[in-house]
Amino acid sequence: MPNASCTPRAARRRGSTPLVGCALAALAILILCVPTHAAEPAAMQPGTMAARVAACTACHGEQGRAGNDGYYPRLAGKPQDYLYHQLLNFRDGRRQYRPMQHLLANLPDAYLHEIAGYFAEQHVPYPPPSPASVPAAQLEQGRRLIMQGDPARGLAACAACHGAGLGGMLPAIPGLLGLPRDYLVSQIGGWKNARRQAAAPDCMADVADKLTPEDISAVSAWLASQPVGAAYAPQAAGSAALPAQCGSQSPR
């Protein structure tokens with residue numbers, strides 16, 4: 001089960017911050033991964049995948065299914081190259097979050113690609129969505145932007161890149177469903193204020209710049225309220241023509 005001591009709520013009870021709480025929990029996991037006596041379980045020996053991902057699952061939940069409070073997103077089932085690019089972005093400073101940057105410092109590309117592959121292969125059920133708490137007109141605004149875009153403002157539909165079923169597209173575009181509304185809002189905000197970046201050309205930064213606060217509220221509310229079906233998965237690479245060529249879609 002996810003490590004509850006790593007959530008913002010638990011961190012506040014301790015008088016700490018989410019960043020410090022998560023960093024301490026991750027450090028504890030890493031310490032446990034160091035062999036100290038002969039009775040240590042073989043599965044946690046250095047070099048095994050269980051040891052490699054222990055610091056990840058401490059916050060992101062068992063198999064990367066997501067933290068309990070939505071602060072740490074789901075990793076399970078996302079495209080391997082998307083996860084790999086995010087690990088690189090954290091390590092190399094394009095995406096800002098100190099605990100992740102600390103954990104990934106000096107780790108080689110091949111090592112990170114293997115970790116990304118592990119989580120991409122995890123397929124666990126999604127929890128039911130939270131009920132929408134916004135007016136129906138706002139939900140419709142979100143649905144329209146996601147499925148149709150806004151040509152007058154040069155906004156492509158989210159579905160044009162993230163797939164008709166919003167499950168993502170191989171090799172490196174993630175799905176959009178099964179994420180909490182607060183997380184979605186924070187990530188779009190990260191794109192807008194350049195705390196989250198991707199390899200140039202940074203398509204999501206361009207999209208985020210065109211979204212108003214009302215757009216972000218509507219889009220996040222609609223996405224977070226949608227159930228995730230059993231067939232939810234990334235589309236095959238090249239199954240649809242993308243409206244733009246993004247730097248994160250380049251080969252590894």
Side-chain angles (χ1 to χ4, degrees), residues 2-12 14-31 33 52-109 111-116 118-120 122 172-176 178-200 202-205 207-209 216 220 223-224 246-248:
N3 188 339
S5 67
C6 193
T7 65
R9 186 177 298 110
R12 287 194 293 271
R14 294 193 303 270
S16 182
T17 66
L19 301 186
V20 173
C22 185
L24 291 175
L27 179 60
I29 291 292
L30 291 175
I31 291 172
C33 292
R52 291 186 187 188
V53 304
C56 308
T57 57
C59 292
H60 290 275
E62 182 184 0
Q63 295 178 278
R65 67 179 63 221
N68 282 336
D69 56 11
Y71 190 82
Y72 304 100
R74 181 185 178 98
L75 305 178
K78 291 185 176 179
Q80 180 176 6
D81 278 9
Y82 168 76
L83 294 172
Y84 171 66
H85 282 306
Q86 297 317 302
L87 291 170
L88 294 181
N89 290 343
F90 279 121
R91 186 195 67 185
D92 299 340
R94 287 184 293 271
R95 189 170 176 180
Q96 304 295 313
Y97 186 59
R98 288 291 181 85
M100 286 292 295
Q101 291 171 298
H102 177 73
L103 288 173
L104 300 174
N106 303 316
L107 292 180
D109 293 3
Y111 187 95
L112 298 181
H113 197 255
E114 288 184 28
I115 291 176
Y118 167 81
F119 285 111
Q122 305 305 305
I173 299 178
L176 297 179
L179 295 167
R181 186 183 182 191
D182 286 349
Y183 178 78
L184 291 165
V185 170
S186 70
Q187 295 311 299
I188 298 174
W191 292 111
K192 286 184 78 71
N193 63 30
R195 290 187 61 81
R196 179 171 180 176
Q197 302 174 48
D202 191 342
C203 297
M204 269 305 302
V207 170
D209 283 343
I216 296 170
S220 61
L223 287 171
C246 304
S248 58

Quiz item: CG of L179 to CG of L223: how many Å apart, nearest 0.5 Å?
Solution: 8.0 Å
Self-check item: Partners meeting side-chain contact (heavy atoms from CB on, under 4.5 Å) with L75 (sequence neighbours left out)
Solution: H60, L83, F119
Quiz item: Partners of N89 by side-chain hydrogen bond (donor to acceptor under 3.5 Å, both in side chains), sequence neighbours excluded?
Solution: R94
Quiz prompt | Atom pair CD1/CG of I188 and D209 - distance to nearest 0.5 Å | solution = 12.0 Å
Quiz item: Shortest non-hydrogen contact from K78 to A120?
Solution: O-CB, 3.2 Å
Quiz item: Between F90 and L103, is any pair of side-chain heavy atoms under 4.5 Å apart?
Solution: no
Exercise. State whether the number of non-hydrogen atoms from other residues, nucleotides or ligands found under 6.0 Å of D92 atom CG is greater than 12.
Key: yes
Quiz prompt | Residues forming a salt bridge (charged side-chain N to carboxylate O under 4.0 Å, His left out) with R91, sequence neighbours excluded | solution = D109
Self-check item: Residue pair P79 / I173: nearest heavy atoms and the distance that separates them
Solution: CG-O, 3.4 Å
Quiz item: Say you draw a straight line from NE2 of H113 to CG of L88; how long is it, rounded to the nearest 0.5 Å?
Solution: 9.0 Å
Quiz item: For the atom pair CZ (R181) and CD1 (I216), what is the distance rounded to the nearest 0.5 Å?
Solution: 11.0 Å
Quiz item: If every non-hydrogen atom of P73 is compared with every non-hydrogen atom of Y183, which pair is closest and at what distance?
Solution: CG-OH, 3.3 Å
Quiz item: Taking all atoms of both residues into account, what is the closest heavy-atom pair of P180 and A224, and its distance?
Solution: C-CB, 4.2 Å
Quiz item: Who passes side-chain hydrogen bond (donor to acceptor under 3.5 Å, both in side chains) against Q63, sequence neighbours left out?
Solution: R65, Q122
Quiz item: Does Q101 have any side-chain hydrogen bond (donor to acceptor under 3.5 Å, both in side chains) partners at least two apart in sequence or in another chain, and if so, which?
Solution: none
Quiz item: Rounded to the nearest 0.5 Å, what separation is found between the CZ atom of R52 and the CG atom of L112?
Solution: 9.5 Å
Self-check item: Qualifying residue for side chain to side chain donor-acceptor pair (under 3.5 Å) with Q187, from R195, R196, K192
Solution: R196
Quiz item: Taking atom CD1 of I115 and atom CD of Q80, what is their separation to the nearest 0.5 Å?
Solution: 11.0 Å
Quiz item: Mind checking what makes salt bridge (charged side-chain N to carboxylate O under 4.0 Å, His left out) contact with R95, not counting sequence neighbours?
Solution: none
